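A quick write-up on the structure given underneath.
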Amino acid sequence: MTADDHSKPWETVRRGLLLLMSSPGGAGKTSLSRRLVADYADMILSISATTRPPRPGEEEGREYFFKTRAAFEAMIAAGELLEWAEVNGNLYGTPKAPVMAAMEAGKDVLFDIDYQGAAQVAERAPDDSVRVFVLPPSWSDLARRLHARAQDSEPVIEQRLALGKREIEYWRAADYVIVNKDFDRAYADLIHIYRSERMKPGRNPWLPGFVQGLTEE
Ligand code: 5GP
């Protein structure tokens, strides 16, 4: 291949990455994730399966695939999940097939999953995984955001905050940590992480041929 064979080789041959976004609920991980997927055509959002009932405004196949416990357990038994975990008494898991298809097509995949799921994916695909942890600027801010979104009852919010205190301990396992004080700044940080990770040589299999073409010119 010479440099002229592909005018934009970076658009033709790429190795997708797995962007694993974790945080305690309410820290803004979901908003950051959805924005990145909306802005970057090469990034696909992994839609999880869950036994949690839909919240007001959530749609089947958009936020989650909502399953009964029996249906979820059947997916586990059939080996259809890349990872799964129990969070707050509900099961959550990542369907394997769409992730594999995206990787084969050279797309990047974003996972909005808890630290247990992120650890499982990173262990299975260490070279392809990038782990990002989102922290709230303060604990009172996190509590305020959970109350403000008014999607959960008071006892559920209290349970989530208690869980969040334990989850937050896992920040050390991340490759990158973003403190979400201001959404626009946090989003700019996330873009920096994504774009830098995309420029790693191993994610750009077109590079050797491209460089060879340069030296042969
Ligand atoms: P929520 O009920 O607020 O939508 O999600 C609760 C937690 O479960 C969040 O931390 C969310 O990221 C996580 N979660 C969502 N989908 C998955 C998944 O497929 N696997 C794992 N391990 N966690 C998930």
Side-chain angles (χ1 to χ4, degrees), residues 18-37 44-69 71-76 78-100 102-103 109-125 129-136 142-171 173-174 176-178 180 186 190:
L18 307 175
L19 190 65
L20 299 155
M21 299 279 292
S22 300
S23 79
K29 161 187 60 170
T30 301
S31 307
L32 288 167
S33 301
R34 302 256 160 185
R35 173 82 185 272
L36 193 71
V37 171
I44 287 168
L45 180 67
S46 166
I47 310 290
S48 301
T50 184
T51 61
R52 158 166 92 54
R55 295 200 186 108
E58 287 186 338
E59 270 178 35
E60 167 70 14
R62 192 180 64 189
E63 279 78 16
Y64 284 105
F65 297 107
F66 296 98
K67 304 281 176 196
T68 62
R69 205 157 179 113
F72 195 101
E73 282 166 359
M75 291 177 84
I76 299 174
E80 289 172 17
L81 299 178
L82 184 62
E83 61 74 37
W84 65 274
E86 182 151 4
V87 184
N88 260 337
N90 295 303
L91 300 176
Y92 293 84
T94 303
K96 199 186 286 176
V99 178
M100 296 307 171
M103 287 298 274
V109 187
L110 189 149
F111 301 74
D112 177 341
I113 62 181
D114 88 320
Y115 69 91
Q116 305 171 81
Q120 290 177 58
V121 176
E123 199 180 302
R124 288 184 139 194
S129 296
V130 179
R131 296 182 67 174
V132 177
F133 204 95
V134 183
L135 291 173
L142 188 74
R144 194 172 57 241
R145 286 194 215 187
L146 281 179
H147 284 108
R149 77 180 183 195
Q151 282 178 320
D152 293 309
S153 63
E154 194 55 38
V156 170
I157 292 177
E158 291 309 318
Q159 196 185 0
R160 280 175 172 270
L161 284 169
L163 178 71
K165 281 245 157 100
R166 297 197 296 277
E167 283 180 330
I168 217 161
E169 297 298 329
Y170 292 89
W171 68 274
Y176 300 95
V177 177
I178 296 176
N180 185 12
L190 181 60

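Keep in mind that this is a model prediction, so the values were computed, not measured. Counting starts at 1 for both ligands and their atoms, in listed order. The first residue of the sequence shown is numbered 1, and numbering continues consecutively from there.
- The closest approach between any non-hydrogen atom of G25 and ligand 1 is not below 4.0 Å.
- Taking atom 6 (C) of ligand 1 as the reference point, the nearest protein heavy-atom neighbour is Y92 OH, 3.5 Å.
- Under the 4.0 angstrom criterion for non-hydrogen atoms, E63 is not in contact with ligand 1.
- Looking only at heavy atoms of the protein, atom 5 (O) of ligand 1 is closest to Y64 OH, 3.3 Å.
- Remark: minimum distance from atom 3 (O) of ligand 1 to any protein heavy atom is reached at R55 NH2, 2.8 Å.
- Residues E60 and F65 are in side-chain contact: their nearest non-hydrogen atoms beyond the backbone lie under 4.5 Å apart.
- Close approach of ligand 1 to A85 is summarised as follows: ligand atoms under 4.0 Å from at least one heavy atom of the residue are 22 (N).
- For E83, the closest heavy-atom approach to ligand 1 falls below 4.0 Å.
- Put simply, the side chain of L18 reaches to within 4.5 Å of the side chain of V99, judged on heavy atoms.
- The distance between the ring centers of Y64 and Y92 falls below 6.0 angstrom.
- Below 4.0 Å from some heavy atom of R52 lie the following atoms of ligand 1, by number and element: 1 (P), 2 (O), 4 (O).
- Using a 4.0 angstrom heavy-atom cutoff, M21 does not count as in contact with ligand 1.
- Nearest protein heavy-atom neighbour of atom 13 (C) of ligand 1: D114 N, 3.6 Å.
- Close approach to R160 involves these atoms of ligand 1, each under 4.0 Å from a residue heavy atom: 1 (P), 2 (O), 3 (O).
- The shortest distance between side-chain heavy atoms of I168 and P136 falls below 4.5 Å.
- The protein atom (non-hydrogen) at minimum distance from atom 19 (O) of ligand 1 is S48 OG, 2.7 Å.
- Ligand-side atoms of ligand 1 in range of T94: 19 (O), range being under 4.0 angstrom from any heavy atom.
- Contact annotation: the side chain of I113 approaches that of S48 to within less than 4.5 Å [non-hydrogen atoms, C-beta and beyond].
- The protein atom (non-hydrogen) at minimum distance from atom 9 (C) of ligand 1 is K29 NZ, 3.5 Å.
- Distances from atom 18 (C) of ligand 1 to the heavy atoms of V156, D112, L146, I113 show the closest one on I113.
- Counting non-hydrogen atoms of other residues, nucleotides and ligands closer than 6.0 Å to CD of E154 gives a total above 12.
- Counting the atoms of ligand 1 from 1 in the order shown, those under 4.0 Å from a heavy atom of G117 are 22 (N).
- Atom OH of Y170 is surrounded by 12 or fewer heavy atoms from other residues, nucleotides or ligands within 6.0 Å.
- In the model, N90 has no side-chain atom that pairs as donor or acceptor with a side-chain atom of T50 under 3.5 Å.
- When hydrogens are left out, the protein atom nearest atom 7 (C) of ligand 1 is V87 CG1, 3.9 Å; that is the closest non-hydrogen contact.
- Applying the salt bridge (Lys or Arg N to Asp or Glu O under 4.0 Å) test to residues at least two apart or on different chains, the pairs with a partner in residues 155-166 are D152-R160.
- Using a 4.5 Å heavy-atom threshold, the side chains of E167 and V87 count as touching.
- R62 and E58 are not joined by a salt bridge, as no carboxylate oxygen comes within less than 4.0 angstrom of a charged side-chain nitrogen.
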